[in-house]
Amino acid sequence: MLPDNEDTLKAHLKALHRSLEERGEVDDELEMLLRQLDGDIKHVLDRRAQDPDATTYGLASRTQELTARFAIRHPHLEPALRELGNILASMGI
């Protein structure tokens with residue numbers, strides 16, 4: 001994995017968290033799912049740091065599912081979640 005990709009991912013996650021905190025419109029279900037996704041991403045990055053050949057996939061598709069699921073209730077999150085999914089997919093995660 002290229003360091004730039006990881007830096008981009010981390011910056012995007014920070015921006016997403018900041019946006020969520022500023023808006024304060026996130027329901028408990030979405031907050032729980034996003035925290036779980038955030039933890040899973042951190043776990044995958046740690047795992048890849050220890051073993052670059054480790055199989056780490058599925059988070060991009062899960063992010064896309066979240067995007068579709070919450071696009072109607074939280075349209076302001078849709079672009080950020082879609083971009084997060086694209087970043088993860090480009091990293092092979």
Side-chain angles (χ1 to χ4, degrees):
M1 169 174 44
L2 300 171
D4 289 344
N5 285 343
E6 188 172 331
D7 291 342
T8 300
L9 176 61
K10 288 178 180 179
H12 192 75
L13 285 171
K14 285 181 185 177
L16 180 59
H17 282 282
R18 193 170 37 256
S19 175
L20 292 172
E21 288 173 10
E22 289 171 359
R23 291 185 178 267
E25 301 173 5
V26 180
D27 56 48
D28 291 340
E29 180 186 16
L30 179 57
E31 183 176 354
M32 182 209 50
L33 290 170
L34 289 173
R35 286 185 191 279
Q36 183 180 21
L37 181 64
D38 187 50
D40 291 346
I41 289 169
K42 288 177 182 174
H43 175 76
V44 165
L45 292 177
D46 290 344
R47 188 170 163 201
R48 278 190 157 191
Q50 294 173 5
D51 180 8
D53 295 325
T55 303
T56 53
Y57 58 89
L59 292 180
S61 62
R62 224 169 84 211
T63 302
Q64 298 299 346
E65 290 171 15
L66 279 177
T67 301
R69 185 171 177 183
F70 291 100
I72 293 172
R73 288 191 304 191
H74 304 286
H76 60 280
L77 292 178
E78 193 270 335
L81 288 171
R82 186 178 59 237
E83 180 62 20
L84 179 60
N86 291 338
I87 293 168
L88 292 168
S90 73
M91 295 172 69
I93 296 176

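Residue numbers start at 1 and run along the sequence shown. Only heavy atoms go into these numbers, but all of them, side chains included; no hydrogens, no water, no symmetry mates. As the structure is a prediction and not an experimental result, all values here were calculated from the model.
- Of the charged side-chain nitrogens involved, none lies within less than 4.0 Å of a carboxylate oxygen, so that Lys42 and Asp46 do not count as a salt-bridged pair.
- For the residue pair Glu78 and Ala71, the shortest heavy atom distance occurs at CG-CB, 3.9 Å.
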Legend entry - Candidate pair Arg48 and Glu6, rule side-chain contact (heavy atoms from CB on, under 4.5 Å), full reasoning: CA-CA 11 Å; Arg48 278 190 157 191; Glu6 188 172 331; over 6 Å; no
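- The minimum heavy-atom distance linking Ala60 with Gly85 is given by the pair CB-O, 3.6 Å.
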Inset, instruction - Start with the C-alpha gap between Leu9 and Leu45, add the side-chain angles, then the distance that decides, and say whether side-chain contact (heavy atoms from CB on, under 4.5 Å) holds. - result: CA-CA 10 Å; Leu9 176 61; Leu45 292 177; 3.9 Å; yes
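- To the nearest 0.5 Å, atoms CG (Leu77) and CG (Leu66) are separated by 10.0 Å.
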Legend entry - Candidate pair Gln64 and Asn86, rule side-chain contact (heavy atoms from CB on, under 4.5 Å), full reasoning: CA-CA 9 Å; Gln64 298 299 346; Asn86 291 338; 3.8 Å; yes
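- The CG atom of Leu84 sits 9.0 Å away from the CG atom of Leu34 when rounded to the nearest 0.5 Å.
- Here His12 contributes atom NE2 and Leu81 contributes atom CG; the two are 7.0 Å apart, rounded to the nearest 0.5 Å.
- Side chains of Met32 and Asp28 form no contact here, defined as non-hydrogen atoms less than 4.5 Å apart.
- Rounding to the nearest 0.5 angstrom, the gap separating the CZ atom in Arg69 from the CD atom in Glu29 is 4.0 Å.
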Legend entry - side-chain contact (heavy atoms from CB on, under 4.5 Å) between Ile93 and Ile41, worked out: CA-CA 9 Å; Ile93 296 176; Ile41 289 169; 5.8 Å; no
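- One distance of note links CD of Glu83 with OG1 of Thr63; it measures 11.5 Å at 0.5 Å rounding.
- Here Asp40 contributes atom CG and Leu33 contributes atom CG; the two are 10.5 Å apart, rounded to the nearest 0.5 Å.
- Counting non-hydrogen atoms of other residues, nucleotides and ligands closer than 6.0 Å to CZ of Arg35 gives a total of 12 or fewer.
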